[in-house]
Amino acid sequence: MGQFKGLWRDTKLVWLAFISVVFAFAIFVSWYYLLLLPCLPVSFVYFAFIRYDEDGNEKGDFT
């Protein structure tokens, strides 16, 4: 759970912007853009586990 809290703490404005853009496209262009909404949680979980440790701290680069 720490990974999710860390990612949300650092990138909440980006995720809210993604959601806002999807809804704006759905309203003004086509409702088909709502099909992008299930992709957002998948991306969130992926980046949370890749970039953050169990305590919610960002992992260092491995290079």
Side-chain angles (χ1 to χ4, degrees):
M1 192 66 176
Q3 293 105 337
F4 301 134
K5 289 179 182 178
L7 182 62
W8 182 252
R9 177 191 64 232
D10 293 342
T11 61
K12 72 178 120 189
L13 293 177
V14 174
W15 292 104
L16 292 174
F18 285 158
I19 294 169
S20 300
V21 167
V22 167
F23 278 115
F25 281 0
I27 291 170
F28 295 116
V29 180
S30 175
W31 65 271
Y32 287 114
Y33 283 99
L34 291 176
L35 296 174
L36 293 173
L37 286 178
C39 299
L40 293 178
V42 174
S43 299
F44 185 84
V45 169
Y46 172 76
F47 283 111
F49 281 112
I50 295 299
R51 298 296 299 169
Y52 290 86
D53 63 9
E54 293 81 17
D55 298 324
N57 300 318
E58 189 171 3
K59 294 180 184 177
D61 291 332
F62 295 108
T63 58

According to a 4.5 Å side-chain heavy-atom criterion applied to Ile, Leu, Val, Met, Phe, Trp and Tyr, with indirect links allowed, do [X] and [Y] form part of one hydrophobic cluster?
X: Leu7; Y: Leu13; result: no
X: Leu35; Y: Val42; result: no
X: Leu16; Y: Phe25; result: yes
X: Phe18; Y: Val29; result: yes

From [atom1] ([X]) to [atom2] ([Y]), nearest 0.5 Å:
X: Trp15; Y: Ser43; atom1: CH2; atom2: OG; result: 5.0 Å
X: Phe4; Y: Phe49; atom1: CZ; atom2: CZ; result: 4.0 Å
X: Gln3; Y: Lys59; atom1: CD; atom2: NZ; result: 7.0 Å
X: Tyr52; Y: Asp10; atom1: OH; atom2: CG; result: 3.5 Å

### Task
Taking atom CZ of Arg51 as the centre, report whether more than 12 heavy atoms of other residues, nucleotides or ligands fall under 6.0 Å from it.
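Result for CZ/Arg51: open.
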### Query
For Tyr33, does the OH atom have more than 12 heavy-atom neighbours from other residues, nucleotides or ligands under 6.0 Å away?
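Open.
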### Task
Quick one: list whatever passes side-chain contact (heavy atoms from CB on, under 4.5 Å) with Asn57, sequence neighbours left out.
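Testing Asn57 for side-chain contact (heavy atoms from CB on, under 4.5 Å), a comparison that skips the adjacent residues, returns Asp53, Asp55.
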#### Entry: Set of side-chain contact (heavy atoms from CB on, under 4.5 Å) partners for Leu37, sequence neighbours left out
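Per chain and number, Leu37 pairs via side-chain contact (heavy atoms from CB on, under 4.5 Å) with Val22, Phe23, Leu34, Leu40.
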